[in-house]
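Please read all numbers here as calculations on a predicted model, not as lab measurements.
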Amino acid sequence: MNKGKQETKTKLKEKPILKALEFLKRPDLNEEEKLISVGKWVLFLLLIFFEIVIIAQHTGDWLAERQWWRIGLTVFVEASLTGVEAEKLFKVQNFSQKLVCYALDFFCVFLLVIITSSAFLVILYLLVLTEIYITTEKLVPATMIFATCIPVYVVLYAGTLFFRAEKLSIVELLASSSTAIVALTLHFLIINFLMMFYRQYLKLERTLKELDESKMELQKAYDELEEVTVLKERQRIAKDIHDTAGHSITTVIMQTEAAKLIIDENAVEAKNKIIAANLQAKNALEELRDSVHLLSGRTAKMSLKEAIELIVRESMDGTGITIRYAVEDVTVSDEIYRFLCNTLKEGVSNGLRHGKATAFWLELRKTEKDIEFLLSDNGCGADVTSLEEGLGLSGMKEQAKRLGGKLSVSTEKDEGFEIFLVLPLR
């Protein structure tokens with residue numbers, strides 16, 4: 001219990017020390033309120049210092065002359081000035097109430113100069129004005145206050161001369177107060193310039209901070225977008241594997257099963273089905289390889305023309321079909337590259353499987369704005385009115401539309417089958 005009380009007393013003793021240390025800390029230049037608060041304390045302490053200097057300057061003479069009333073009156077006026085300044089600096093927020101405090105400040109300074117005949121009138125004046133300048137954010141009000149204070153100072157100075165019974169002409173009055181007016185003017189210019197520079201510095205700091213925050217937000221958004229893009233691309237590749245390779249493998253199974261059923265009765269037809277299944281399996285394997293390369297971050301090294309020529313050679317190898325072609329070397333995006341290659345594979349497979357084609361014509365050319373792809377065969381064709389689009393053909397049309405192009409088919413009974421694809425050149 002006693003230990004708890006001792007700890008509480010220690011904490012109470014530490015609080016004033018902590019407050020003092022907090023005050024003595026270097027103010028943060030990026031926080032205007034803290035800097036102005038420290039500035040107010042400095043002004044207040046300087047005011048007390050010069051009040052002590054003023055009374056110390058004259059106390060010896062007054063004691064020798066037994067002018068107790070002057071000592072008492074000076075202490076009273078200085079205490080009043082200190083109280084008004086404390087109220088204005090640390091409590092009063094309303095501008096109209098501050099104006100009352102300013103009037104009392106100048107009146108107290110006026111009385112001090114009359115009582116003491118001190119040369120510190122200008123310094124006290126500067127201390128009062130400094131608080132006005134550092135707390136006034138706009139230059140126009142500060143300029144108006146300065147323009148008002150110059151004649152007020154001259155009037156106060158003239159009043160002190162009057163009470164001292166010193167008679168000066170207006171020219172002599174202005175000449176004798178010129179040094180103080182110059183000091184007041186320089187003080188106005190320096191303080192306001194520094195405050196203006198400081199506020200511009202704060203504005204720049206805030207702008208830079210906002211830019212940094214915006215940059216961080218943009219970077220975060222970019223990272224999220226990049227992550228979403230990668231995920232979307234992987235999902236697209238997975239769909240391609242499911243739609244194309246999966247479809248091709250299913251077709252291979254169906255073709256080999258059909259060939260197995262008719263191999264004894266119709267060996268030629270069974271052979272055609274096995275050839276078509278073999279070609280379909282090659283295409284499926286190639287599609288799987290392309291998808292694996294994409295997932296691992298590798299891209300195709302061949303040009304589009306080289307890739308198409310390779311597909312043509314592989315399709316003719318061991319199948320007995322003929323593919324003639326005229327292919328221009330066109331530079332396209334990776335997505336269009338893959339789509340054109342897959343369309344060629346799917347078109348040849350469909351021509352063999354459904355149309356029993358033995359020859360194909362392939363054409364790829366570039367126009368001013370588009371890429372045109374044409375694949376036709378000599379198969380049995382179909383009645384276009386009763387044509388049912390399978391998964392492969394409908395998938396190709398959907399993909400062409402997504403890429404901003406169009407895929408159309410043309411066929412007639414015993415007249416072959418034709419795929420015509422137009423894609424934007426980009």
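Annotation: side chain of Leu310 is in contact with side chain of Met302 (closest heavy-atom distance under 4.5 Å). You'll find the side chain of Thr343 reaches within 4.5 Å of the side chain of Phe339, heavy atoms only. Looking at Ile308 and Leu362, their side chains come closer than 4.5 Å, going by heavy atoms from C-beta outward.
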Got a list of side-chain donor-acceptor pairs under 3.5 Å for residues 74-87, not counting sequence neighbours?
| residue | atom | partner | partner atom | Å |
| --- | --- | --- | --- | --- |
| Thr74 | OG1 | Arg70 | O | 2.6 |
| Ser80 | OG | Phe76 | O | 2.8 |
| Thr82 | OG1 | Glu51 | OE1 | 2.7 |
| Thr82 | OG1 | Glu51 | OE2 | 3.1 |
| Thr82 | OG1 | Glu78 | O | 2.8 |
| Glu85 | OE2 | Lys88 | NZ | 2.7 |

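Of the possible polar contacts, none joining the Asp377 side chain to the Gly351 backbone as a donor-acceptor pair under 3.5 Å is found. For Glu306 (side chain) and Ser303 (main-chain N/O), a donor-acceptor pair under 3.5 Å exists by modelled atom type.
Ring-centre distance between Phe44 and Phe90: below the 6.0 Å cut-off.
By the neighbour-count criterion of 12 heavy atoms within 6.0 Å, atom CD1 of Ile263 is sparsely surrounded, having that number or fewer from other residues, nucleotides or ligands. Within a 6.0 Å sphere centred on CD of Glu227, other residues, nucleotides and ligands contribute 12 heavy atoms or fewer.
Between Glu328 and Lys366 there is no salt bridge, since none of the side-chain N atoms of the basic residue sits less than 4.0 Å from a carboxylate O of the acidic one.
Taking Phe188 as the reference, Tyr133, Phe146 meet the ring pair (Phe, Tyr, Trp, His ring centres under 6.0 Å) condition, with sequence neighbours excluded. For Lys260, the salt bridge (Lys or Arg N to Asp or Glu O under 4.0 Å) criterion is met by Glu257, not counting sequence neighbours.
Leu421 CG to Lys397 NZ: the interatomic distance, rounded to the nearest 0.5 Å, is 11.5 Å. For the atom pair Leu364 CG and Glu372 CD, the distance stands at 9.5 Å (nearest 0.5 Å).
Between Gly416 and Thr411, the shortest heavy-atom distance links the atoms O-OG1, 2.9 Å. Across all non-hydrogen atoms, the minimal contact from Pro424 to Ile371 is O-CD1, 4.4 Å.
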